Colleague: 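Dropping a structure here in structure tokens format, bear with me for questions.
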Amino acid sequence: QVQLVESGGGLVQAGGSLRLSCAASGTIFTINVMGWYRQAPGKQRELVAAITSGGSTNYADSVKGRFTISRGAAKNTVYLQMNSLKPEDTAVYYCNADRGSLGTFWGQGTQVTVSS
């Protein structure tokens, strides 16, 4: 099992920045990929950014150049640095841990609201 706890959401004006954190505990050595997803009201959950155990990253086109995903030195924490935020970035952001055939785990979500 893997437990994920997110933090760092909040209210920010357009053009501002926020940094989300996700702390993983449990059998973290089995995690292949960690990522951030978001879900806006009335929309499907979508991938924002992901990072593999080897450090490769992937971003949604809508956030490229503005968001950066990274892992802490202990590899059990993942960060999402969000710059130049736009109102359309408003959503609940979820941390995800993918263990392949061993299952996928989600955090409880953290609200990010960007005012215009």
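All values below come from the heavy atoms of this structure, side chains included, with hydrogens, waters and symmetry mates left out. None of the values given here were measured: they were computed from a predicted structure.
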Colleague: Between the side chains of Ser84 and Arg66, is a donor N or O closer than 3.5 angstrom to an acceptor N or O?
Modeller: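 Absent: no donor and acceptor within the cut-off.
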Colleague: How about Ser70 and Gln81: do any of their side-chain heavy atoms sit closer than 4.5 Å?
Modeller: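 They are not in contact (no side-chain heavy atoms under 4.5 Å apart), so the answer is no.
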Colleague: Restricting to pairs with a member in residues 22-39, which pass salt bridge (charged side-chain N to carboxylate O under 4.0 Å, His left out), not counting sequence neighbours?
Modeller: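 For residues 22-39: Arg38-Glu46, Arg38-Asp89.
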Colleague: For the CG atom of Leu11 and the OG atom of Ser115, what is their distance to the nearest 0.5 Å?
Modeller: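 So the CG of Leu11 and the OG of Ser115 are separated by 5.0 Å.
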Colleague: Is the closest side-chain donor-acceptor distance between Ser17 and Asn83 under 3.5 Å?
Modeller: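 Yes.
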Colleague: Tell me whether Val92 shares a hydrophobic cluster with Phe67, the cluster being built from Ile, Leu, Val, Met, Phe, Trp, Tyr side chains joined at under 4.5 Å.
Modeller: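 No, Val92 and Phe67 fall in different hydrophobic clusters.
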Colleague: For the residue pair Met82 and Tyr93, establish whether any side-chain heavy-atom pair is separated by less than 4.5 Å.
Modeller: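 Touching, per the 4.5 Å side-chain cut-off.
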Colleague: Kindly give the heavy-atom pair with the smallest separation between Val33 and Ala50, and that separation in Å.
Modeller: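 It is CG1-CB, 3.9 Å.
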Colleague: Considering non-hydrogen atoms only, spot the tightest contact between Leu85 and Leu18 and give its length.
Modeller: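 That closest heavy-atom pairing would be CD1-N, 3.8 Å.
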Colleague: Could you tell me which non-hydrogen atom of Ala91 sits nearest to which non-hydrogen atom of Ala40, and how far apart they are?
Modeller: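 The answer is CB-N, 3.8 Å.
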Colleague: Provide the closest heavy-atom pair for Ala97 versus Val2 in the form atom of the first, atom of the second, distance.
Modeller: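 Shortest heavy-atom contact: CB-CG1, 4.2 Å.
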Colleague: Considering non-hydrogen atoms only, spot the tightest contact between Ala24 and Leu4 and give its length.
Modeller: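 So the minimum-distance heavy-atom pair works out to CB-CD2, 3.6 Å.
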Colleague: Between the side chain of Thr27 and the main-chain N/O of Thr30, is any donor-acceptor distance below 3.5 Å?
Modeller: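 No.
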Colleague: To the closest 0.5 Å, what do you measure between OG (Ser25) and CD (Gln1)?
Modeller: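 One finds 10.5 Å between OG of Ser25 and CD of Gln1.
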Colleague: Check whether the ring centres of Tyr37 and Trp106 lie less than 6.0 Å apart, and answer yes or no.
Modeller: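 Yes; Trp106 has its ring centre under 6.0 Å from that of Tyr37.
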Colleague: Counting heavy atoms not belonging to Gln108, are there more than 12 under 6.0 Å from its CD?
Modeller: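 Enclosed.
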Colleague: For Thr90 and Val114, indicate whether the former's side chain and the latter's backbone hold a donor-acceptor pair under 3.5 Å.
Modeller: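 Flag set: sc Thr90 to bb Val114 pair under 3.5 Å.
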Colleague: Identify the two heavy atoms, one from Trp36 and one from Cys22, that lie closest to each other, and give their separation to 0.1 Å.
Modeller: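 It is CZ2-CB, 3.5 Å.
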Colleague: Only one of Val48, Thr68, Ile51 passes side-chain contact (heavy atoms from CB on, under 4.5 Å) with Tyr59; say which it is.
Modeller: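 For Tyr59, the side-chain contact (heavy atoms from CB on, under 4.5 Å) test succeeds with only one of Val48, Thr68, Ile51, which is Thr68.
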Colleague: To the nearest 0.5 Å, how far apart are OG in Ser21 and CD in Glu6?
Modeller: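 Answer rounded to 0.5 Å: 10.0 Å.
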Colleague: Would Arg71 and Tyr79 count as a cation-pi pair here, with the cationic atom under 6.0 angstrom from the ring centre and within 45° of the axis?
Modeller: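 Verdict for Tyr79: no cation-pi partner in Arg71.
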Colleague: For Leu102, what are the other residues in its hydrophobic cluster, where any two members join if their side-chain heavy atoms are less than 4.5 angstrom apart?
Modeller: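 Members other than Leu102 - counting any ILVMFWY side chain reachable under 4.5 Å - there are none.
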Colleague: Between atom CE of Met34 and atom CG of Asn32, what is the distance when rounded to the nearest 0.5 Å?
Modeller: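 If I round to the nearest 0.5 Å, the distance is 11.5 Å.
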Colleague: Who are the ring-ring contact (aromatic ring centres under 6.0 Å, His included) partners of Tyr94, not counting sequence neighbours?
Modeller: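 If we apply the ring-ring contact (aromatic ring centres under 6.0 Å, His included) test to Tyr94, skipping adjacent residues, there are no hits.
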Colleague: Would a 4.5 Å heavy-atom cut-off, applied to side chains only, mark Asn96 and Thr104 as touching?
Modeller: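 Side-chain contact under 4.5 Å: yes.
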